[in-house]
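Scroll down for the structure; my scribbles are underneath it.
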Amino acid sequence: MQIYSPEQKVNHPFYESKKVHVYLKRDDMIHPFISGNKWRKLKYNLQKAQQENKSTLVTFGGAWSNHLLATACAGATFQFKTIGFVRGEEISNPVLNMCKLFGMQLRFVSREEYKDKFQLFEQLENKEEYFFIDEGGASLEATYGCKELVDELKDEYDHIFCAAGTGTTAAGIAQGISDCNLNTQLHVIPVLKKGGFILDEIAKFNSPTNQIHLHLDYHFGGYAKVKPELIAFVKTYVKSTGIMIEPTYTGKAMYALQDLIEKDYFPKGSRILFIHTGGLTGLLGQLEKFN
Ligand SMILES: *Cc1c(COP(=O)(O)O)cnc(C)c1O
């Protein structure tokens, strides 16, 4: 599948007044449902599943998971059946309903059972036909897909920004920066509390960490948690740029970028690339917070 993810300059008086150049890599435009980094993370996992003649993708996520929806749609597109284990009691919401529409079989499991994903997989019948994909799509193959983002770049940048959940995307980008011998610094914004573990995750994938800067103070209370200043920022950003972001991932990372520019963290003339990792369907569960 050919993908389209342009690099675009964002013209904004704030960036102009600070004399920095901010660009977006529009991974959100890759696909409406296999969005952003989730496409990149699935790519080589799906190839492996095809080579191993697996019939079914089995994966895991929370009730608003961008990864579950991406896997459901990718399964439908590339002729795999899909099973999604969902954390917590049975509920219905727009994201899960779209998963079902793409043919995913949902299995709700308690938070306790959810902890041991491999055990859940092992308990399945016909598991020889099944292909295991971890929560969030995290795997070494996923980092290979994310690395390609760097190979695609048409320009050079002093800084790259991205949000992190598992750190897989950041690991791939760090590998790409190193393989291309770039001096680019990678700024990673964990969206969970105590995000220091992201560096260990990146190292586990054998990606270099020497050009990585973790910014740990932009989690706003934890995963999918928000604060009024984050909501206010997302509102202002969306209406002053016409670019949609959401508060779980891209909103937090974009807030961090804004805050660091505000504090004159970057020298004048810096060229900064923000990876729009997509995931806009997550907004469906957050819209009431914007009232
Ligand atoms: C899943 C997701 C991330 C986190 O990616 P990791 O590779 O798990 O760090 C970031 N942004 C969006 C929009 C996502 O959906």
Side-chain angles (χ1 to χ4, degrees), residues 5 24-45 59-74 95 98-99 133-150 160-176 186-193 195-205 207 209 212 214-216 218-220 222-224 226 230 234 237 243-257 274-286:
S5 168
L24 287 178
K25 172 95 170 131
R26 295 295 305 270
D27 271 14
D28 58 316
M29 292 170 79
I30 291 177
H31 193 285
F33 302 108
I34 318 175
S35 173
N37 62 349
K38 300 302 182 282
W39 161 256
R40 298 189 185 277
K41 291 164 82 170
L42 282 169
K43 180 177 172 186
Y44 291 107
N45 277 301
T59 197
F60 309 84
W64 292 95
S65 166
N66 297 328
H67 166 70
L68 277 185
L69 181 58
T71 306
C73 179
V95 168
M98 286 192 282
C99 288
I133 302 178
D134 209 344
E135 180 174 49
S139 66
L140 190 60
E141 285 74 20
T143 68
Y144 301 156
C146 295
K147 177 182 123 47
E148 294 181 346
L149 181 164
V150 181
I160 293 181
F161 262 75
C162 74
T166 64
T168 313
T169 303
I173 297 173
Q175 191 65 54
L186 177 60
H187 299 266
V188 179
I189 292 80
V191 301
L192 309 87
K193 241 191 260 184
F197 74 91
I198 294 283
L199 220 47
D200 306 331
E201 292 301 308
I202 293 172
K204 266 189 226 162
F205 290 124
S207 290
T209 53
I212 295 182
L214 270 191
H215 299 278
L216 296 175
Y218 298 102
H219 57 73
F220 293 90
Y223 183 72
V226 301
L230 175 63
V234 169
Y237 181 86
I243 292 153
M244 190 61 87
I245 53 174
E246 44 65 52
T248 306
Y249 293 101
T250 47
K252 289 181 183 180
M254 192 64 83
Y255 186 105
L257 172 59
F274 183 97
I275 312 301
H276 193 319
T277 40
L280 295 172
T281 46
L283 262 179
L284 296 171
Q286 306 253 27

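The chain is numbered in sequence order, starting from 1. Owing to the predicted nature of the structure, the values given are computational and were not obtained by experimental measurement. Order of listing sets the numbers, starting from 1, for every ligand and every atom in it.
Nearest protein heavy-atom neighbour of atom 11 (N) of ligand 1: Thr277 OG1, 2.7 Å. Shortest contact from atom 4 (C) of ligand 1 to any protein heavy atom: Gly165 N, 3.4 Å. The nearest heavy-atom contact from the protein to atom 10 (C) of ligand 1 is Tyr249 CD2, 3.3 Å. With hydrogens left out, the protein atom closest to atom 8 (O) of ligand 1 is Thr166 OG1, 2.6 Å, a heavy atom.
Between the Ser35 side chain and the Gly279 main chain, a donor and an acceptor come within less than 3.5 Å of each other. With Lys252 contributing its side chain and His219 its backbone, the two residues share a donor-acceptor pair below 3.5 Å.
Residue-ligand proximity, Gly278 to ligand 1, at heavy-atom distances under 4.0 Å covers atoms 13 (C). Near Asn66, meaning under 4.0 Å from one of its heavy atoms, ligand 1 places the atoms 14 (C), 15 (O). Listed by atom number, the atoms of ligand 1 under 4.0 Å from Thr168 heavy atoms are 7 (O), 9 (O). Near Lys41, meaning under 4.0 Å from any of its heavy atoms, are these atoms of ligand 1: 5 (O), 6 (P), 7 (O), 8 (O). The atoms of ligand 1 that sit less than 4.0 Å from any heavy atom of Asn37 are 2 (C), 3 (C), 4 (C), 5 (O), 7 (O), 10 (C), 14 (C).
Polar contact with ligand 1: absent for Gly136 (N/O pair, distance under 3.5 Å).
Judged by the 6.0 Å and 45° rule, Lys38 forms a cation-pi pair with Tyr249.
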Would Glu148 and Lys43 satisfy salt bridge (Lys or Arg N to Asp or Glu O under 4.0 Å), going step by step from the backbone distance to the final call? CA-CA 11 Å; Glu148 294 181 346; Lys43 180 177 172 186; 2.8 Å; yes
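Residue contacts with ligand 1 include Lys38, since one of its heavy atoms falls under 4.0 Å from the ligand. Using a 4.0 Å cutoff on heavy atoms, Gly167 counts as a contact of ligand 1.
Taking the six-membered ring where the residue is Trp, Phe274 and Phe161 present parallel rings, their angle staying beneath 30° rather than reaching 60°. Between Tyr218 and Tyr255, the ring-plane angle classifies as tilted under the 30° and 60° cut-offs. The aromatic rings of Tyr144 and Tyr44 lie perpendicular to each other, with more than 60° between the two planes, well past the 30° mark.
With 3.5 Å as the limit, one finds a donor-acceptor pair spanning the side chains of Thr248 and Gln286.
Nearest residue to atom 7 (O) of ligand 1 from Asp28, Thr248, Thr169 is Thr169 (criterion: closest heavy atom).
When all heavy atoms of Ile202 and Ala170 are compared, the pair lying nearest together is CD1-CB, 3.9 Å.
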